[in-house]
Amino acid sequence: MAAARTASSALTFHTSILAKSQRGRLNKKIFGLPVPVNGVSRNVKQVKKGAIRHGVVRAVAEVSVKESESLDLLGMDVVAEGELREKGFLGMRKTKLVCTIGPACCSSEELERLAMGGMNVARLNMCHGSREWHRNVIRLIKKLNEQKGYCVSVMIDTEGSQIFVVDHGAPSSLKAEEGSIWLFTAKKFEGSLPFTVQANYEGFSEGIVVGDELVIDGGMACFEVIEKIGNDLRCKCTDSGLFLPRAKLSFWREGVLVERNYGLPTLSAKDWADVDFGISEGVDLIAMSFVNDADSVKHLKDYLSSNSDKSIRVLAKIESLDSLQKLEEIAEASDGIMVARGDLGVEIPLEQIPTVQEEITRICRQLNKPVIVASQLLESMVEYPTPTRAEVADVSEAVRQYADALMLSGESAIGLYGQKALSVLRMVSSRMELWSREENRQTNLRTHQLGESLQECIAEEICNSAAEMANNLGVDAIFVYTKHGEMASLLSRNRPHSPIFAFTSDTTTQMALNLQWGVSPVLVDLSDDMEDNISKTIELMQTKAMIKAGDFVLVVSDLTPARASSSAFQSIQVRTVV
Ligand SMILES: Nc1ncnc2c1ncn2[C@@H]1O[C@H](COP(=O)(O)OP(=O)(O)OP(=O)(O)O)[C@@H](O)[C@H]1O
Ligand SMILES: CC(=O)C(=O)O
Ligand SMILES: [K+]
Ligand SMILES: [Mg+2]
């Protein structure tokens with residue numbers, strides 16, 4: 001309670017401009033709000049009409065000479081900017097899009113087409129491709145960002161320790177017929193030995209007994225273990241199917257996954273080398289495969305904070321039964337989560353994936369961690385130019401659940417129709433977002449309180465209230481001024497109707513916020529004079545014709561103002577651009 005009282009007293013409302021709003025219906029509403037108006041008179045003076053008008057006049061006078069300079073002053077994704085100009089505030093897409101980069105899309109031109117198509121994050125899967133190849137892609141993306149004004153964050157995804165097929169004697173896929181007998185071994189075999197499959201790890205059969213079921217890729221094919229010879233397994237195919245390259249192996253006993261601790265670390269020596277590579281190439285995010293507990297996430301985060309100058313965010317991939325059981329502690333330790341449905345579907349029955357996904361996205365939102373829904377969203381588009389209706393329904397469902405981001409895997413990495421797949425994600429997301437808004441499904445999250453310190457509680461309360469106010473008032477946009485992205489993230493957590501423009505002077509914050517629902521990160525040189533920041537950013541946005549007179553903006557800030565005697569000061573203001 002004490003926290004809430006203090007938070008309220010820190011609220012400031014700039015209502016004088018609002019009274020002049022043409023939106024009569026709004027005036028009644030806001031004046032009906034039981035808002036404390038501490039400090040209003042001082043603030044009203046700060047935003048008196050002349051002050052803002054002065055800013056506008058100056059912007060207009062300088063528009064011709066400052067056009068190119070303002071590009072530098074306001075670092076916003078050109079694609080989001082174009083979307084805003086074309087479709088207006090509410091037309092801006094909220095759900096973020098991640099594309100896995102592979103041989104089908106790794107040239108500068110192809111990467112640029114994906115960036116133009118709305119890719120917010122490029123994912124590099126360290127399971128595939130050489131380090132040189134990855135380095136080249138990262139540099140191309142950074143060059144596009146710097147030279148053409150895109151804002152694409154780079155995420156590497158570690159290989160992790162998992163048991164998979166390294167060789168099955170055929171160059172690509174291979175069929176297993178029902179009743180055929182196969183030898184599974186960790187030994188390398190020369191040439192093609194029919195019906196022999198090599199696993200990548202010698203302990204792959206530890207704890208496995210005759211009668212257990214060996215499942216390929218979560219059900220592509222099934223075998224029964226009929227004999228154990230040393231570490232090798234002789235198996236009979238009970239359900240015919242396909243071995244794809246790098247097919248995953250799992251074992252089941254009486255319908256339950258045989259959980260085995262192979263003693264393999266979450267990050268192998270190769271993964272640590274990839275992490276060092278990521279640090280040296282300045283990647284923005286690291287997705288950690290096969291996380292089994294919070295400690296491994298903490299370990300990587302500690303390593304990054306001692307070894308990287310920039311703050312690289314760590315996303316934990318939920319793709320094992322273990323990680324599912326420890327979801328909350330893993331989410332709390334990480335900077336975000338990926339629902340890695342591909343491998344998760346190897347470890348849990350497929351029919352559980354939809355409910356598990358919904359639960360993970362719900363928990364992530366409660367804990368304020370961005371969540372990516374990944375794998376097979378538009379799988380058929382690896383080969384075909386249109387998605388199946390079921391795939392469209394799956395994508396819509398992830399958007400309806402308010403996942404922060406959707407991810408393409410093979411669709412963009414090796415598919416024939418990567419850009420088309422991206423445009424399907426874009427259109428399906430926009431449609432579902434609109435529907436959710438119109439149907440008013442966007443009910444405010446009944447949040448459990450996250451903050452422990454008073455300061456954190458204040459920030460949280462301010463953001464919850466700001467999002468609710470923004471919806472009630474129907475503001476065009478929410479502006480937030482943030483150092484580490486915390487306030488922007490807390491606003492996003494409430495999934496408000498209006499887009500959130502997060503102004504920050506920290507590039508790492510900008511790149512991390514790229515993953516968050518509804519947030520358009522904007523790089524701008526912020527001072528510690530909040531009033532100056534607000535008028536400067538409004539002016540810059542006006543110069544670039546991103547906002548115009550009459551637009552109605554809710555401003556949230558937690559930066560320390562110049563003359564405040566206390567250490568921090570948070571506020572919600574409502575402004576009409578004049
Ligand atoms: N850098 C790359 N080079 C070559 N092929 C790639 C590359 N990245 C992805 N691919 C191909 O695209 C397919 C799908 O990509 P994705 O990253 O989802 O693979 P995955 O191996 O299933 O993922 P994970 O191992 O993380 O569970 C891969 O099976 C692989 O064939
Ligand atoms: C993305 C990933 O790693 C998976 O779905 O398994
Ligand atoms: K991976
Ligand atoms: Mg995986």
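All ligand and atom numbering here is 1-based and tracks the order in the structure.
Using a 4.0 Å cut-off between heavy atoms, R341 contacts ligand 2 through its backbone alone, with no side-chain atom that close.
Residue pairs meeting the salt bridge (Lys or Arg N to Asp or Glu O under 4.0 Å) criterion with at least one member in residues 280-292, sequence neighbours excluded, are R135-E281, R139-E281, D284-K310. Annotation: salt bridge (Lys or Arg N to Asp or Glu O under 4.0 Å) contacts involving residues 111-124, sequence neighbours excluded, comprise E112-K148, R123-D157.
Around atom NZ of K270, more than 12 heavy atoms belonging to other residues, nucleotides or ligands sit under 6.0 Å away. Around the CG atom of D302, the shell of radius 6.0 Å holds more than 12 heavy atoms that belong to other residues, nucleotides or ligands.
At a 3.5 angstrom cut-off on N or O pairs, D343 counts as close to ligand 2. Between S409 and ligand 2, no N or O atom pair is found at a separation short of 3.5 Å. At least one N or O atom of G342, backbone or side chain, sits closer than 3.5 Å to an N or O atom of ligand 2.
There is no side-chain donor-acceptor pair under 3.5 Å between E358 and T355. Side-chain atoms of Q376 and R341 form no donor-acceptor pair, as typed in the model, at a separation below 3.5 Å. Side-chain contact of S311 with R313: a donor-acceptor pair under 3.5 Å is present, judged by distance alone.
Protein heavy atom at the shortest distance from atom 2 (C) of ligand 2 is A340 CB, 3.5 Å. Scanning all protein heavy atoms for the shortest distance to atom 3 (O) of ligand 2 gives K317 NZ, 2.7 Å. Nearest to atom 5 (O) of ligand 2 among the protein's heavy atoms is S375 OG, 2.4 Å.
Taking backbone and side-chain atoms together, M126 has no N/O/S atom less than 3.4 Å away from the K ion (ligand 3).
Take the K ion (ligand 3) as the corner point: the lines to O of T158 and to OG of S289 open at 50°, to the nearest 10 degrees. Angle subtended at the K ion (ligand 3) by D157 OD1 and N125 OD1: 110°, rounded to 10 degrees.
Relative orientation of the F204 and F251 rings is tilted, given thresholds of 30° and 60° on the angle between their planes. W182 and F243 have tilted rings, their planes meeting at an angle from 30° to 60° on a 0 to 90° scale.
In summary, of the residues considered (K317, Q162, E159), a side-chain hydrogen bond (donor to acceptor under 3.5 Å, both in side chains) with S289 occurs for K317 alone.
With a cut-off of 2.8 Å, the protein N/O/S atoms near the Mg ion (ligand 4) add up to 2.
Judged as a ring pair (Phe, Tyr, Trp, His ring centres under 6.0 Å), and not counting sequence neighbours, H128 has no contacts.
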